[in-house]
Amino acid sequence: MSHRHDIPHESPGDASAHMAQTPQTPQPTHAAHPAPTPPPISVLLDGAAEAALPVVRAVRDDQLGWPTPCSEYDVRALLNHLFQVVVAFQTLAAKKDVDFSRTPDRLAEYGAQWPDRFADETARLVEAWAAPGAEDGLTGGMQLPARTVGAMVLLDLTVHAWDVARATGRPYAPAAGCVAELRALAARMGPTARTMNVFAEPVPVPPGASDLEVLLAETGRDPHWTAG
């Protein structure tokens, strides 16, 4: 998940006084509309990868040592972390165990080809989560619902792409549908993630903040972070 760096409710208006004064006529009954089926995680991951890759490919060698909104990572370390996540969650999609104890330096290993290799791994990630049964059952060391685990890598791919974009001065817009899925994930997992030091404490956001800004703040990021 994303390192260190809600849902408001509505109450119906009280119409009891009006109802007491006004004769009521029978109203037609309507069947409740079923909640829309969320898109498969693989579809969301495909969109997130498409949004992230231009940011990743634009990183210059002289920017690799620059700071990022994740205070413990410079750009190089953040890219290696994201590389590790994208590869590891292919294995989790197949219901297999993953060792997160070390982070390989894939940028050094692949040299100038690292952006192409990263693109290849994101394609494999999408394929892994599109496989039949990938979203079914439990997976991972914590035995979480598989879709929740898929949403975790979606979170990393989305917010770390923003981190890299912010660090290197590139534009970034999340893929359609991703932020809604991730706001729901942050609402469910936020308290646990903060206990585990995966999220920092939420950052206040002003009224009118975008959904992406609210999501970033929920993970402990300052949506208006700058390097200087």
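Worth knowing before you read on, the calculation uses all heavy atoms, side chains too, and leaves out hydrogens, waters and symmetry mates. Numbering starts at 1 and runs along the sequence shown.
- The closest donor-acceptor contact from the side chain of K95 to the backbone of G133 lies under 3.5 Å.
- Between Q90 and E127, every side-chain heavy-atom pair lies at or beyond the 4.5 Å cut-off.
- Residues L92 and G140 share a closest heavy-atom pair of CD2-CA, 3.7 Å.
- To the nearest 0.5 Å, the span separating CG on L155 from NE2 on H160 amounts to 7.5 Å.
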Subject >> Step-by-step salt bridge (charged side-chain N to carboxylate O under 4.0 Å, His left out) determination, D74 to R76 >> reply: CA-CA 6 Å; D74 61 15; R76 182 190 191 93; over 6 Å; no
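- Of the candidates L182, L125, V159, L182 is the only one forming a side-chain contact (heavy atoms from CB on, under 4.5 Å) with L154.
- Applying side-chain contact (heavy atoms from CB on, under 4.5 Å) to E121 and the options V85, V87, L82 leaves one that passes, V87.
- The backbone N or O of F89 sits less than 3.5 Å from a side-chain atom of W129, completing a donor-acceptor pair.
- Contact detail for V214 and A209: the closest heavy-atom pair is CG2-CB, 4.1 Å.
- D163 has its side chain out of reach of Y172: every pair of non-hydrogen atoms, C-beta onward, lies at least 4.5 Å apart.
- Remark: the backbone N or O of V98 is not paired with any side-chain donor or acceptor of T91 at under 3.5 angstrom.
- No donor-acceptor pair closer than 3.5 Å links the side chain of D105 to the backbone N or O of N80.
- Within the 3.5 Å criterion, the main-chain N or O of Y110 finds no donor-acceptor partner in the side chain of Q113.
- Residues V43 and L45 fall into different hydrophobic clusters, defined by Ile, Leu, Val, Met, Phe, Trp and Tyr side chains chained together at heavy-atom separations under 4.5 Å.
- For E213, the salt bridge (Lys or Arg N to Asp or Glu O under 4.0 Å) criterion is met by no residue, not counting sequence neighbours.
- W162 places none of its side-chain heavy atoms less than 4.5 Å from the side chain of V55.
- Closest of all the heavy-atom pairs between R147 and P39 is NH2-O, 2.8 Å.
- In this structure, H81 and D156 have side chains that are in contact, with non-hydrogen atoms separated by less than 4.5 Å.
- Judged by distance alone, the side chain of E135 and the main-chain N or O of I41 form a donor-acceptor pair under 3.5 Å.
- Hydrophobic cluster membership differs between W225 and V203, with clusters built from Ile, Leu, Val, Met, Phe, Trp and Tyr side chains linked at under 4.5 angstrom.
- The shortest distance between side-chain heavy atoms of R117 and F83 falls below 4.5 Å.
- Looking at R57 and R170, their side chains never come closer than 4.5 Å, going by heavy atoms from C-beta outward.
- When side chains are defined from C-beta on, T148 counts as touching L185, because their heavy atoms get closer than 4.5 Å.
- Between the side chains of T219 and R221, a donor-acceptor pair is found at a separation under 3.5 Å.
- No path of Ile, Leu, Val, Met, Phe, Trp and Tyr side chains, each step under 4.5 Å between heavy atoms, connects F100 with L138, placing them in separate hydrophobic clusters.
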